[in-house]
Every structure is written in structure tokens, then in C-alpha cells.
Amino acid sequence: MLEHILRRMGFGASPADLALWAGVPIDTVIDRLLNYESASTDHDAKIGSPEYVGITTSAGNPFSANTLINDARQRWLFRMIHSQRPLEEKMAMFWHNHFATAYSKLAGAVGQERATRLMDNDPSSLEGSPAGQIQVLRQFATGSFPGMLLAMAKDPAMVYYLDSQLNTRTRPQENFGREVMELFSLGIGNYTEADVYAAARVFTGFNWQILGDRALATASYYTFLYRAADHDTNAKTFTFAIYPDGGKTIPARAAAAGEQDAVDLILALARHPATARRLATRLYQFFVNETSVPDAALVNAMANSYLGNNYNIKAVLRTLFQSQQFRNPANFFQRYSWPIEYVVRAIKETGWTGFTVNSVMTPLTNMGQQLYEPPDVNGWELGPGWISTSSMLSRMNFAVTLAANQRFNLARDAQPHRATPDRVLQYMLARFPNMGFTSTATNAMTDYLRSTAWTGTDAQLQTRVPGLTRLIVGSGEYQFN
Amino acid sequence: MSFSRRQFVKGGVTAFTFGFAAPQAICDIAFAQGAAARNLVVVYLSGGNDSLSTIIPYRDANYLSRRPTIAIPAANVLQIGSDSSRVELGLHPRLTGLKSIFDAGRLAVIQRTGYANQSRSHFTGFDIWGTASTTNTSGTGWLGRYLDLQPKPVDALVAWNTQRETPRPLMARTVGVPAITSPATYAFSSPNSGAEAGYERTAQTRISSHIPVDRPHLAFVNSTAQAALGTLDRVATVATYRPAITYPNNGFGQALTAVAGAMNKQIGTKVFWVQTGGFDTHATQGVNQGAYFNLMATLGDGLKAFYDDLSAQGLMGSTLVLVYSEFGRRISENGSAGTDHGAGANMMVLGGAVNGGIYGTAPNLSLDPANPTLENNAADVKFETDFRSVYAKILDSWLGTNSVTVLGGDYRAGAPSFL
């Protein structure tokens with residue numbers, strides 16, 4: 001149960017994590033993981049310390065996670081592995097997929113340094129610079145959904161990704177207006193083409209600007225800018241209620257007050273029952289089970305928690321995590337691990353001494369999930385969509401990279417069990433929690449350990465234990481979370 | 001951006017479980033038949049191609065007036081003549097390669113394809129084109145249903161997806177399509193070497209051979225792993241292909257090189273899926289340079305290299321390439337010198353057996369709301385030819401199957417006669 005909780009509310013557990021939580025009542029574990037606000041945020045300070053997973057800087061450069069995208073990716077992986085607030089990073093991933101924005105489009109426009117800040121800037125790194133998109137998503141991770149939706153509408157990375165800066169009163173442009181309803185809130189089928197055109201006009205004037213020392217890529221940054229002169233001041237009428245009294249028309253207002261249009265529309269989208277159902281379903285599939293039809297009662301309860309608690313995400317999560325369904329063993333390992341979940345869990349369970357997260361960059365790309373680079377505004381294709389012959393080979397080959405790197409640690413850990421192959425196998429299957437192998441698979445593993453006569457020598461352990469690690473971590477059974 | 005993906009059939013992953021990894025004997029049969037087999041290469045332009053910029057009605061006064069900053073001047077287009085309604089048409093100036101294929105009589109352009117009440121959503125649109133259904137857009141794909149009709153057991157490489165994720169059109173009930181993004185990196189590594197690496201491969205193959213019917217999702221993952229292991233060696237032969245023609249050094253060119261390699265090595269694959277993205281041109285499409293110009297360079301240069309490579313080997317006669325996108329774009333440009341999501345668009349078919357030429361009629365771009373060639377208050381192009389009739393023609397006349405069975409309806413009427 002503890003391992004399940006730590007896999008779902010975080011990214012899995014290292015042996016040290018399990019020791020830390022051992023004996024703590026499950027309700028307390030869940031409560032502490034959910035209410036993480038008082039937990040330490042010192043993870044970044046640990047980067048570079050030898051007892052944690054390593055990072056690799058590019059030749060000659062100091063580690064610079066706010067201005068170099070590869071370093072930003074390493075920092076995020078480091079946090080997933082070592083953060084004291086695993087749910088914060090888990091929800092940041094969930095929202096990154098929901099508000100999918102791709103770094104490459106930004107970098108093409110403003111260069112690597114500013115684009116990296118747009119994606120995940122730590123405001124303390126540069127006076128005046130705002131939090132990057134993922135950092136904003138962390139801040140809202142379990143907070144107000146309309147607050148987050150508005151923050152995304154005004155997030156300069158999102159502004160540019162969906163062309164809001166080009167959306168003006170004379171020639172409205174529909175990219176953001178469409179996706180905010182189709183993908184970020186209501187879902188398709190709950191609005192019309194006319195609503196798309198009206199929504200585009202709502203967001204006219206949303207723009208971005210560069211501030212700071214513009215001559216220096218590392219000392220300048222983008223912020224949101226509302227350009228009143230570009231705002232369409234006419235009334236906008238929708239097919240669904242915008243106001244609690246049922247009114248469907250955002251009134252004409254002065255350009256200077258035009259930002260209120262977006263606030264009105266976003267509140268309407270956030271309180272729409274279709275949004276409540278859609279968010280509840282997505283969270284259910286993310287945390288409980290995505291291999292069978294969602295439990296209607298729990299999804300309803302989650303949607304009601306959302307609607308009854310000011311559209312607060314933590315209220316939804318509380319209902320979810322306190323449910324019987326969340327703890328039902330029938331729901332264990334009923335999610336396909338996202339590549340990032342697979343990689344981080346494998347590192348936590350295998351070990352990281354002498355391992356750098358830089359070496360997971362190419363494997364993650366080959367598995368289909370590069371951080372800050374979702375394939376399109378709809379995010380990644382989840383569930384079975386992660387699995388193809390090519391991505392399975394990438395997963396199997398990542399298991400090899402990790403097992404080869406941890407060869408001596410793995411062999412050392414197996415030494416107490418060296419008497420027989422069966423004992424080694426039992427130890428390893430317990431070390432890497434999984435949905436359960438049948439005898440077909442375990443026989444294949446035992447036969448593998450006995451490929452040549454079993455001696456249990458150090459040399460044999462150093463060959464076969466990494467080999468067994470790759471078989472388990474690369475197996476179908478291990479791909480589920 | 002690319003738009004390749006949609007959710008799998010909910011709770012129905014069993015549909016994609018079995019049929020991967022046929023016995024070696026069947027692979028050998030497919031290998032023997034490879035040279036004689038016909039191939040279909042589907043090229044998907046993701047993002048919604050602005051096909052009015054691909055095949056341009058350059059004399060239409062409304063084309064120029066509705067696109068003041070992005071219209072291609074008449075002097076620049078590559079003229080290909082007029083359609084049956086006497087609208088003069090030209091290819092985008094950067095499509096010099098496609099122009100030569102058109103001149104050789106091997107490129108068919110089919111104007112105003114689509115369907116009634118066309119979706120302006122990338123994702124729904126892609127699924128409608130993929131399933132060939134406007135009502136059940138979460139089911140199997142039209143190519144997947146064709147693969148399901150192949151005699152059992154089906155060879156594991158009967159189809160080849162050059163993308164990492166399985167697109168809707170390839171989703172089948174009984175056939176899993178391998179994703180092979182790069183033959184060179186499609187390999188099984190090991191922490192050990194020599195015989196030890198072989199022991200691991202044997203064991204991993206045995207572990208993945210467990211296909212439990214009561215655990216369909218595990219069965220799906222294991223059968224995928226098994227298909228990967230079972231196709232490694234044949235794909236490795238494709239990695240050795242060295243084309244005599246230089247392909248463009250981009251993802252599209254690399255994918256087409258792999259496709260040509262599979263044909264050259266007589267793998268026996270019948271259906272290939274290739275895509276190229278960036279067509280969601282909401283902004284700054286450009287005219288004689290810029291975003292759309294570059295898209296046309298990628299598309300045209302890639303297809304031209306592919307066509308020349310296969311032609312020189314005598315393989316183009318057994319190859320058919322279908323090019324499409326999920327929707328066309330708004331006729332009038334938007335405020336950002338780009339175009340928003342629209343409706344009807346053009347498809348293209350090329351190959352050694354294609355009756356080249358212009359099919360269908362161009363839209364009249366007049367803003368009159370009663371204009372019968374447009375819809376949405378004359379904002380978007382209205383379809384004239386149902387896209388499924390193009391599929392039907394390919395299924396019946398090229399792949400030799402029954403299009404009514406595959407498409408779940410008779411779409412043969414009105415099919416353009418490009419084959």
C-alpha cells in the first residue's frame with residue numbers, strides 16, 4: 001500500500017524513502033503528501049551534492065537551469081527524484097500535459113535563454129523576472145482552477161505558443177480562444193464555432209513584452225502585457241451562461257477595462273459542469289485507473305467537490321485520495337507509466353550513485369516524452385498511446401543504461417541472496433514492485449540466471465544481476481504504475 | 001506543432017493486442033512476395049494544410065483581395081493548367097519537384113475534398129479522416145480495418161509507422177503496427193556482451209511471450225515488446241539501405257528514406273505512415289519565403305527524392321502516395337498574416353500508376369453568402385468530393401480489397417478516376 005501511495009502521489013520510492021515512511025499510518029502519509037505546503041523546498045540546494053543523483057553541465061558552462069533548457073530538464077528530473085513535495089512535481093507534470101506548451105516554438109522566436117525562462121524560470125534568479133510557466137503551474141498545482149486558467153491565459157509562454165500576441169480587434173485570431181475551451185476547460189461538444197469566434201475577441205489585446213537588459217539574453221525576460229488599443233470593446237455573446245444569472249453576453253466595456261472580459265469568460269468556463277466532469281475524469285485516470293471505465297460515483301463526487309469548493313483542486317484531490325477506490329488493490333498498476341514516471345521510478349528503485357540525469361535525456365525523447373516539449377497543444381497521448389515497438393525498445397534500452405551504470409551496487413545488494421538463483425530472483429522482484437509475473441516469466445528469469453551454471457560469485461552477480469534488472473525493468477509488467 | 005495522436009478506444013485495448021509477430025515462415029512468404037506487392041504510403045500534413053496555398057486559383061480576384069499579404073502572385077505560381085470549371089491553377093512556387101511529377105502525368109490533385117459539417121478541431125478532424133466516420137471517431141482506422149482483412153497470420157511488418165505513436169488511421173482490431181522511427185536505432189542493447197547479451201534477449205523474448213487474455217493491457221504491452229524483438233533483424237537490413245538519390249536532411253526525408261529502404265529490401269510492407277508537421281499556420285505564412293514556403297520545400301523536395309529514387313529502381317509502379325491533412329484553412333487571412341482553421345481542402349495522389357491531372361473544381365472565393373462552393377458565410381471552402389470516395393478508389397483499385405467493407409458504406413460514387 002505504501003509503495004502504491006508513493007508511486008501515485010509521487011514518482012515511486014527509494015529504499016530510503018520506504019524506511020522513512022515505514023510505520024506511519026497510511027492516512028497520515030496521504031495527508032502529509034497532499035498538504036505539502038510546510039514541506040521543505042530545499043531540493044535545488046542539493047543539486048551537485050554527491051549523495052544525490054548527478055547532473056552534467058554542458059562543456060565549460062556553469063549549471064544554469066533558468067537559461068539553458070537541458071539544465072532546466074535536469075533540474076526538474078532532480079526534483080522529481082529528490083523533492084520533499086513529490087505531489088507538487090506530480091501535479092506540475094499533470095498540468096504541463098494539460099496546458100501543453102512546447103519550448104521549441106518559443107526558442108525559435110526568442111532564443112534559448114529567454115525561452116528557458118519562459119518555461120520554468122525561478123523568479124529569485126533574476127530581479128524582476130516572473131515565474132516561468134511550469135513554476136506557475138507548481139504554484140497553482142493544488143489551488144484554484146480558475147486562477148490557474150487565468151494565469152495561463154496571461155502566461156507569456158502560452159501567449160506566444162497560441163499566438164495571442166497576434167490576436168487583435170481588427171483581425172481576431174482564434175488559436176487560443178479555441179483551445180481554451182476545447183482542451184483547457186469544457187472539452188469538445190460543449191461549445192460552438194460562434195463561441196470560438198467570440199472567445200477570440202475576448203482575448204484581443206493579450207500580448208507579451210520583453211523587459212530587463214535587452215542586450216543580454218541572460219538578463220532579459222518576457223512578461224504579460226495587455227494592449228488596450230488592440231482590444232475589441234464590443235459585447236461578446238456565447239451559447240452558454242457567462243454569469244451566474246444565466247446571462248450569455250459579456251457587455252461592451254472600455255478598452256482600459258477590457259481584461260475583465262477574460263476574467264468573466266474564464267470564471268464561466270471554470271464553473272461549467274462540463275469542466276468539472278472533464279477535470280475529475282482526467283484526475284481519476286491520472287491517479288486511480290486508466291485501464292477501465294472511470295468509476296462514475298467517484299468522478300461525480302470529485303466533480304461535486306470541485307463545484308462546491310470554489311473550483312479548488314485540492315478539494316478534488318482530497319476526495320480522490322480519501323476514496324476507497326484510490327486504495328483498492330484492484331486499481332494498483334492500472335496506469336501506464338508515462339516515460340517520465342517510468343524513468344524516475346526506475347532510478348529511485350535501482351539507485352543513482354554515479355548516475356547523471358543527463359543520460360536520460362535521449363532515452364526520454366525516444367520514449368516519446370521530452371520535458372517542456374509536448375508534441376502539440378493537446379499534450380501527450382497517454383495510456384496505450386505511450387506504447388509502440390519503438391518506444392518499448394527505448395524503455396528496454398533505458399533499463400540497460402541504468403543497470404549497466406549501477407552494475408556494482410546492484411551486485412553488492414544481491415550478495416546476501418547469492419546462494420541460489422531463486423533467492424536472487426525473489427529479492428529482485430521485491431525490489432522492483434510490479435503487477436505480478438506469471439510462472440512463464442519467472443521461469444524465464446530463473447533460466448536466465450542459470451544460463452550457465454550458477455556459482456554466485458561476485459563476477460557472476462556483476463553480470464547476471466544487471467541482466468536481471470534489465471529484464472524486470474524492461475518487462476511489460478513493470479511498465480504499469 | 002504536430003497533430004498525430006488521439007485517444008485509444010476506451011477500455012478496448014484488446015482490440016490492438018493480438019496479431020503482432022507472425023511465425024517466421026509467414027515472414028518468409030511475405031518476403032518472397034515483397035517485390036510484387038503494391039505499397040500505399042500515406043503522407044499526413046499535420047496541423048491543417050492551407051491547401052489554397054498549395055494549389056492556387058491565382059486568377060481569382062477574391063483570392064488576392066482576401067489574402068492581401070499572403071497571396072502568391074500569379075507571376076510566381078507553377079502553372080498546371082485549368083480545371084473543368086476553367087479555373088486556372090498553379091502549384092506553390094516551391095513545389096518544383098511536384099511540378100515535374102505533375103508534368104510526367106503521375107500527380108493527381110483532387111480539389112475540395114472533405115465532408116459535411118467539417119470539424120475545425122485538429123483532433124476531431126484527424127479522427128474523422130482516420131476512422132472515415134463522422135459519427136464514430138474513436139474506433140478503428142480505415143487502414144487498420146484494411147489490415148484486419150489480411151489473411152491470418154499477418155506478418156508483423158505488414159504495415160510500418162514512421163512515427164512513435166500509432167495514429168488513428170492505423171488502429172486495427174487484430175493487427176498491431178510497429179512504430180519504427182529510425183531503422184538505425186531500432187536495436188536491443190545489453191549491459192553485457194557476447195553470449196550474455198544473447199541470454200538476455202532469449203529471456204526477454206520469453207517474458208514478453210506471455211499474452212494473458214485476462215489482462216488485456218499487459219497483453220498489449222507484451223505483444224508490442226514481442227513485435228519489437230521479432231522485427232529487429234529484418235529492420236536492421238533496412239538500416240543498411242544507402243539510396244543513390246540524396247534525400248533532404250530532415251525528419252520527413254529520413255522517414256521517406258526508410259520507406260524506400262523497406263521497399264528496396266523487399267520487406268513486404270503494404271502500408272506506410274509518414275507525416276510532416278508545422279501546417280497550423282495561424283501566423284506569418286509568408287509568400288516567397290517564410291513558414292509556408294519552408295513547409296512546401298520539405299514536402300516537395302522529400303516527395304521528389306522519393307519519387308526519383310523509386311523510379312530509378314523500377315519500384316514506383318508498385319507505389320502509391322496519398323497526401324492529405326485534417327482540414328483546409330480559412331479563406332481570408334487573419335490579422336497575423338496567417339490563416340485560421342477552415343474546412344474543405346485538396347488531396348494529392350502520386351505514383352507510377354496514377355492518372356495525373358486536376359480532379360474536381362476549385363472554389364469560387366466570392367464573399368457572397370449564397371456562394372455554393374463555400375460555407376460558413378463564405379468563410380471556408382465547402383467540400384465537393386467526399387474524402388472517403390478517394391479512400392474507396394485506393395482500396396478498390398489499388399489495394400484490391402472491398403471498400404464497402406472497409407469503409408462501412410459505399411463511397412464509390414463520385415470517386416475521381418486517378419487510378
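Order of the sequence lines fixes the chain letters, A, B, ..., with proteins taken first and strands second; residue numbering starts at 1 for each chain. From a predicted model like this one, the values you see are computed outputs, not experimental measurements.
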So how far is it from [X] [atom1] to [Y] [atom2], rounded to the nearest 0.5 Å?
| X | Y | atom1 | atom2 | value |
| --- | --- | --- | --- | --- |
| B/Ser121 | A/Glu179 | OG | CD | 7.0 Å |
| B/Thr166 | A/Trp386 | OG1 | CH2 | 13.5 Å |
| B/Glu333 | A/Arg171 | CD | CZ | 5.5 Å |
| A/Leu393 | B/Ser189 | CG | OG | 9.0 Å |
| B/Glu165 | A/Ser391 | CD | OG | 8.5 Å |
| A/Thr389 | B/Arg164 | OG1 | CZ | 11.5 Å |

Chain B contacts, top residue of [options] (heavy-atom pairs, under 4.5 Å):
| options | result |
| --- | --- |
| A/Gln462, A/Gln334, A/Arg407, A/Gln479 | A/Arg407 |
| A/Ala444, A/Ala404, A/Ala441 | A/Ala444 |
| A/Glu193, A/Arg470, A/Met367 | A/Arg470 |
| A/Asn167, A/Asn366, A/Ile188, A/Thr170 | A/Asn366 |
| A/Met396, A/Arg395, A/Met445 | A/Met396 |

Side chain from CB out, backbone as N, CA, C, O: work out which of these in [X] comes under 4.5 Å of a heavy atom of chain B, or both, or neither.
| X | value |
| --- | --- |
| A/Thr168 | neither |
| A/Pro374 | neither |
| A/Gln165 | neither |
| A/Tyr197 | side chain |
| A/Asp163 | side chain |
| A/Asn443 | both |
| A/Thr463 | both |
| A/Met435 | both |

With a 4.5 angstrom heavy-atom cut-off, could you sort out which part of B/Ala187 is near chain A: side chain, backbone, both or neither?
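It is the backbone, since no side chain atom gets that close.
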
Considering only heavy atoms, which portion of B/Asn161 lies under 4.5 Å from any heavy atom of chain A: side chain, backbone, both, or neither?
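Answer is neither: B/Asn161 stays 4.5 Å or more from chain A.
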
Should B/Arg120 and A/Glu174 count as an ion pair when the cut-off is N to O under 4.0 Å?
no

Salt-bridge contact A/Arg178-B/Asp340 (side-chain N to carboxylate O under 4.0 Å)
no

With a 4.5 Å cut-off on heavy-atom pairs, point out which of B/Ile180, B/Asn376, B/Asn192 contacts chain A the most.
B/Asn192

Option in B/Ala203, B/Ser119, B/Ser208 with maximal non-hydrogen atom pairs under 4.5 Å from chain A:
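That would be B/Ala203.
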
Please report the shortest heavy-atom distance between A/Leu166 and B/Ser336, naming the atom on each side.
CB-OG, 3.1 Å

Could you tell me which non-hydrogen atom of A/Val400 sits nearest to which non-hydrogen atom of B/Ser190, and how far apart they are?
CG1-C, 3.3 Å

Considering only heavy atoms from C-beta outward, does the side chain of A/Thr438 approach that of B/Arg215 to under 4.5 Å?
yes

Given side chain to side chain contact (heavy atoms under 4.5 Å, CB included), test A/Asp376 with B/Phe123 step by step and report yes or no.
CA-CA 10 Å; A/Asp376 59 54; B/Phe123 312 105; 3.6 Å; yes

Has the side chain of [X] got a donor or acceptor atom that lies under 3.5 Å from a matching backbone atom of [Y]?
| X | Y | value |
| --- | --- | --- |
| A/Gln173 | B/Asn334 | no |
| B/Thr224 | A/Ser388 | no |
| B/His217 | A/Thr291 | yes |

Take B/Tyr199 and A/Arg464 through the test side chain to side chain contact (heavy atoms under 4.5 Å, CB included) and record every step on the way to the result.
CA-CA 10 Å; B/Tyr199 301 150; A/Arg464 299 274 165 81; 3.9 Å; yes

Determine, step by step, whether A/Tyr478 and B/Val221 satisfy the side chain to side chain contact (heavy atoms under 4.5 Å, CB included) criterion, reporting the C-alpha distance in whole Å, the side-chain angles of both residues, the deciding distance to 0.1 Å, and the verdict.
CA-CA 10 Å; A/Tyr478 189 84; B/Val221 175; over 6 Å; no

